[in-house]
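Shown next, in structure tokens, is the structure this report addresses.
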Amino acid sequence: METIKNYLETMFQNLPDTPEVQKAKAELLSMMEDKYTELLNEGHTENEAIGTVISEFGNLDELAEDLGIVSLVRPAAAGNPLYSEEADSFPQKFLPAEDAHNYLKMQRSHAILTALGVFLCIICPIPVIFTELTASDMAENIGAACILFLVAIAVALFIYSSVLASKYSYIRKEGYVLDEATTAAIKAEQEKYNTRYALLLSAGVILCILASVPAILLESANLPNEALNDALSGAGVLCFVAVGVFLIVFSGMQKDGYRNLLTLNGQDNDYHSRHNTRDPHVSNPTVAAILSVYWPTITCIYLIWSFLTFQWHFTWIIWPIAGIFRKIMVNIWADKEN
Amino acid sequence: MTNISSDVIRGYNDTMILYLLRQGPSYGYEISKKIKELSGEKYIIKETTLYSAFTRMESKELITSYSGESESGKKRTYYRITDQGETYYRERVDEWNLTKDVIEKFIAV
């Protein structure tokens, strides 16, 4: 048995010590052990048993894709002309595990930047709410300038983060797929993340629901200055909603990162595309056109409505309504895959 | 013994494994032993081939694995077929019947 263990050890010695490789090694050893024991029980000599087990072991090359070690097994094979044909017979391009993880990292930054942009858009009226209190034109103008300034930063963040994301668009365009090891690793990470996601999302939703609590508390506090009281209530609502929406957007986009990677491999794709609400495929041209300009339009409506009425503490309601409305539209018109 | 070309049979490893798992959960060595027995010792599946098939099918959710213990208390990974695996198996059987019908027309004794 020692000989078999040594053999396996030698086969694996140049491979990275990843969980996948360890699992493969343990499984292979277990199978070889079973076979060895049975051969001995059948009356074979130790040497015969070892010979059979080793001759029926196979080739690690076969596991390269499953273990995500193609790059390690193939270069050795690359120098060998016998292997070149075999390499050509793999039509799938595997995304290196490192790139997959870099993509996840990028998606995290993408999520933070986008969420921050949304956050800024929501809190942008706060300066105005306070400058309104002072009767001075000067202060009011500064407040208005602040709005533009914050929106400008937000837009810059949106643009920058989409440029970040576009660097990785080649993954899907060029038809990369994930090897089994990377898939397993990402699935494990996704599972870990799911708990965080649930927490962040619930926190976000709770904050949005509790948004009016500061206003209610201020109401009962009965501050002498009623205008200041109103301003604080308004700002409080916006802050709560802004943080809540930040958490929802951030957690959701990060989740998308995992999903985007895992749907690269066809099998999962069919399943997930039905749940994919982010880029739904709509064949009705009118609806498709509406959806393509949906969020910018909502943003315009939000800003115009808010500026005209100055009911900032109320107009944010357009966001959840718009979200639900879009979901309904998508559900009605999106192409059903199955 | 005429050797089976590994390229040809590779496409049917999944079918063989799923056939065996349809009879109940099993583990690596037992499956390789049954394949050897059922094929009349004409086909011996390599350990690496088998393991690679397990990981591939597990990621496609055709089978699931769980750890258990053998009678002797040895820790083992057992595999079980899923509903998706069942469907996939039936598709492969249909495909094989079709392939067989076609190829047979070109086989002269």
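Letters A, B, ... are given to chains in the order of the sequence lines, protein chains preceding strands, and every chain is numbered from 1.
With chain A as partner, the option from S32(B), S52(B), G28(B) having the largest number of non-hydrogen pairs under 4.5 angstrom is S52(B).
Summarising the geometry, atom CD1 belonging to I54(A) is positioned 11.0 Å from atom CD belonging to E47(B); distances are rounded to the nearest 0.5 Å. Here E27(A) contributes atom CD and Y29(B) contributes atom OH; the two are 15.5 Å apart, rounded to the nearest 0.5 Å. Taking NZ from K35(A) and NZ from K36(B), the interatomic distance works out to 7.0 Å, rounded to the nearest 0.5 Å. Atom OG of residue S65(B) and atom NZ of residue K23(A) lie 5.5 Å apart, to the nearest 0.5 angstrom. The NZ atom of K33(B) lies 4.0 Å from the CD atom of E38(A); values are rounded to the nearest 0.5 Å. Between the CD atom in E20(A) and the OG1 atom in T55(B) there is a gap of 10.5 Å [rounded to 0.5 Å].
When heavy atoms are compared at a cutoff of 4.5 Å, E58(B) approaches chain A solely by way of its side chain, counted from C-beta outward. Both the backbone and the side chain of A24(A) come within contact range of chain B, judged by heavy atoms closer than 4.5 Å.
For OH of Y78(B), the number of neighbouring non-hydrogen atoms (other residues, nucleotides, ligands) closer than 6.0 Å is greater than 12. Crowding of E95(B) atom CD: a count of heavy atoms from other residues, nucleotides or ligands under 6.0 Å exceeding 12. Around the CG atom of D83(B), the shell of radius 6.0 Å holds no more than 12 heavy atoms that belong to other residues, nucleotides or ligands.
Here the closest non-hydrogen pair linking Y51(B) and M31(A) is CB-CE, 4.0 Å.
Put simply, the side chain of K46(B) does not reach to within 4.5 Å of the side chain of F57(A), judged on heavy atoms.
The residues D34(A) and K74(B) are annotated as salt-bridged, a charged nitrogen and a carboxylate oxygen being separated by less than 4.0 angstrom.
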